[in-house]
Amino acid sequence: MSDVYAEPATGAAPTDPATLARYTTLRLGGAAGRLVIATTADEIVQKVQEVESRDEPILVLAGGSNVVIGDQGFPGTVVLIRSRGFRVVAEDADTVTVRVEAGEPWDDLVAATVERGWSGLECLSGIPGSAGATPIQNVGAYGQEVAETITGVEAYDRTHGEVVRIDAVDCGFAYRGSIFKYSDRWVVLTVDFRLARTPVSGPVRYAELARALGVEVGDRVPLADARATVLRLRAGKGMVLDADDPDTWSVGSFFTNPVLEREAYELLRERAADLGEPPSWPGAGDVVKVSAAWLIDKAGFGKGYAGPEGVAISSKHTLALTNRSGTARTAALVALAREIRDGVHDRFGVTLHPEPVLINCII
Ligand SMILES: Cc1cc2nc3c(=O)[nH]c(=O)nc-3n(C[C@H](O)[C@H](O)[C@H](O)COP(=O)(O)OP(=O)(O)OC[C@H]3O[C@@H](n4cnc5c(N)ncnc54)[C@H](O)[C@@H]3O)c2cc1C
């Protein structure tokens, strides 16, 4: 069993709600009213039902790597998802479908699939957090996203009080979004991924990854090479959690890449005319996705840019806001995020939106 989740320091009661900061990768967040741990899918349902019967607010928390929790904490019960494991539920000559418990550490799963010669998750190596949280924002990186391999999700539907299966087509997957994000209705219990039985990756789509692998975009490479190269690239950007590296005490990218209508994109190009062409990618329909990192950097917030109380932009990646002192309050991080968002808006007329889920705080 992997020990990747932040857990209370030795000596502390495992359900000590004193501070949620110890359960988040940003090391931020005030106290919870109560904290309970669920280690199986049944237990998740049971604990959620118990809390509901007491009419208390519930916060479902797994790896804490995509949340910003306010200094006031959470005045209800936090249900920590700690179910583990995966099993094959269907297979044929070409594919295998694995059912993964929500609390399974994501990168353990990716490592296991690469080892077994199952292709489809290899470019998502090194992303912190749990398997059950990956559908929430349709986790993606280096040209892959979980929407491509998820076939369905088993969830507890709090509105109807029943366990349901939601097929991938009904999950509303979009760029860093799904029906689950910003909704308290569903608690994900298991996720099914259909993977290809092949020792090679899918076609490499991301130019930076292709360059690092020494191949052309569209080529396939051994799964282990894809994983090792993604891990190396991510580590160089502070995007793999490292307890000794404050550049990784973040939620990864703090802002999503803005998706602009054609007209807004042309306005941006005019406002950025002195800076060259803003890096962009075509989106679905007549929209353009623009690099948030570029906008932030060109608006004057470079790597290492510091805010109050020792919060700062990572020295390795412009999109990651870090609590590098380890002692800041959420208020300080929020102040830095606001300064950046407003600065980018003033300079380019583009509004950045936060990627993590904000709990009892606003930006
Ligand atoms: C260094 C770093 C790098 C990162 N890189 C990437 C990246 O490349 N791509 C990317 O997409 N993300 C990235 N992230 C963000 C994050 O790792 C992912 O979003 C991850 O899937 C969050 O998992 P978690 O278990 O930590 O979720 P948490 O932070 O615990 O929860 C996030 C949200 O999901 C909800 N949630 C969690 N589990 C469940 C469940 N079982 N049922 C219902 N709701 C649930 C929570 O209530 C909350 O709203 C990165 C984060 C860090 C710190």
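Every number for a ligand or one of its atoms is a count from 1 in the order of the listing. Please read all numbers here as calculations on a predicted model, not as lab measurements.
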Given I136, L80, V357, V187, which one has a non-hydrogen atom that is nearest to atom 34 (O) of ligand 1?
I136
For R176, is the CZ atom crowded, meaning more than 12 foreign heavy atoms sit under 6.0 Å from it?
yes
Per-atom filter on ligand 1: closer than 4.0 angstrom to a heavy atom of G129 are 23 (O), 24 (P), 25 (O), 26 (O)
From T113 OG1 over to F193 CZ, what is the distance, rounded to the nearest 0.5 angstrom?
9.5 Å
Is there a nitrogen or oxygen of N138 sitting under 3.5 Å from a nitrogen or oxygen of ligand 1?
no
Under a 3.5 Å threshold, yes or no: a donor from one side chain and an acceptor from the other, between T248 and D245?
no
Suppose we measure from atom 13 (C) of ligand 1 to each protein heavy atom; which comes out shortest, and what is that distance?
I127 CG2, 3.8 Å
Between V139 and L319, is there shared hydrophobic-cluster membership here, with clusters defined by ILVMFWY side-chain heavy atoms closer than 4.5 Å?
no
Which residue supplies the protein heavy atom nearest to atom 3 (C) of ligand 1, what is that atom called, and how far is it?
R234 NH2, 3.4 Å
protein heavy-atom neighbour closest to atom 18 (C) of ligand 1 works out as V139 CG2, 3.9 Å
State, without any angle test, whether D157 and H160 hold a side-chain donor-acceptor pair at a distance under 3.5 Å.
yes
Could you tell me, atom by atom, which parts of ligand 1 come under 4.0 Å of a heavy atom of W186?
43 (C)
Under 4.0 Å from a heavy atom of G63: give me the atoms of ligand 1 that qualify, with their elements.
24 (P), 25 (O), 26 (O), 30 (O)
Logged contact type for K181 with ligand 1, heavy-atom cut-off 4.0 Å, is neither
Any N or O on I81 sitting closer than 3.5 Å to an N or O of ligand 1?
no
Please work out which of the three classes, parallel, tilted or perpendicular, describes the rings of F348 and W294, given edges at 30° and 60°.
tilted
Without hydrogens or angle criteria, can the side chains of S315 and D247 be said to hold a donor-acceptor pair below 3.5 Å?
yes
May I ask you to identify the nearest protein heavy atom to atom 14 (N) of ligand 1, giving residue, atom name and distance to one decimal place in Å?
V251 O, 3.9 Å
For the pair R165 and D192, evaluate salt bridge (charged side-chain N to carboxylate O under 4.0 Å, His left out) and give the outcome as yes or no after the intermediate values.
CA-CA 10 Å; R165 179 179 161 89; D192 288 0; 3.1 Å; yes
We want to know whether T330 and D71 form a side-chain donor-acceptor pair, criterion being a heavy-atom distance below 3.5 angstrom.
yes
To the nearest 0.1 Å, how far is atom 52 (C) of ligand 1 from its closest protein heavy atom, and which atom is that?
G252 N, 3.2 Å
Considering non-hydrogen atoms of the protein only, which is the closest contact for atom 47 (O) of ligand 1, and what is the distance?
V60 O, 2.6 Å
The protein heavy atom nearest to atom 12 (N) of ligand 1 is Q137 NE2, 3.2 Å
Would you please test Q49 and Y156 for side-chain hydrogen bond (donor to acceptor under 3.5 Å, both in side chains) and show each step?
CA-CA 10 Å; Q49 285 174 335; Y156 177 64; 3.3 Å; yes
Using the six-membered ring of Y175, assess whether NZ or CZ of K289 lies under 6.0 Å from its centre and within 45 degrees of the ring axis.
yes
Examine the side chains of E101 and S83 and answer whether a donor and an acceptor come within less than 3.5 Å of each other.
no
Under 4.0 Å from any heavy atom of V67, which atoms of ligand 1 are there?
29 (O), 31 (O), 32 (C), 48 (C)
Is any N or O atom of V240, backbone or side chain, closer than 3.5 Å to an N or O atom of ligand 1?
no
Out of S65, S83, A38, who gets a non-hydrogen atom closest to atom 16 (C) of ligand 1?
S65
Do E56 and R34 meet the salt-bridge criterion of a basic N to acidic O distance under 4.0 Å?
yes
Polar-atom distance check: L61 versus ligand 1, any N or O pair below 3.5 Å?
no
Nearest option to atom 9 (N) of ligand 1, as decided by whichever heavy atom of A133, G140, A141, G126 sits closest:
G140
Among all protein non-hydrogen atoms, which one is nearest to atom 53 (C) of ligand 1, and what is the separation to 0.1 Å?
S250 O, 3.2 Å
Indicate, as side chain, backbone, both or neither, the part of T25 found under 4.0 angstrom from ligand 1 when only non-hydrogen atoms are considered.
side chain
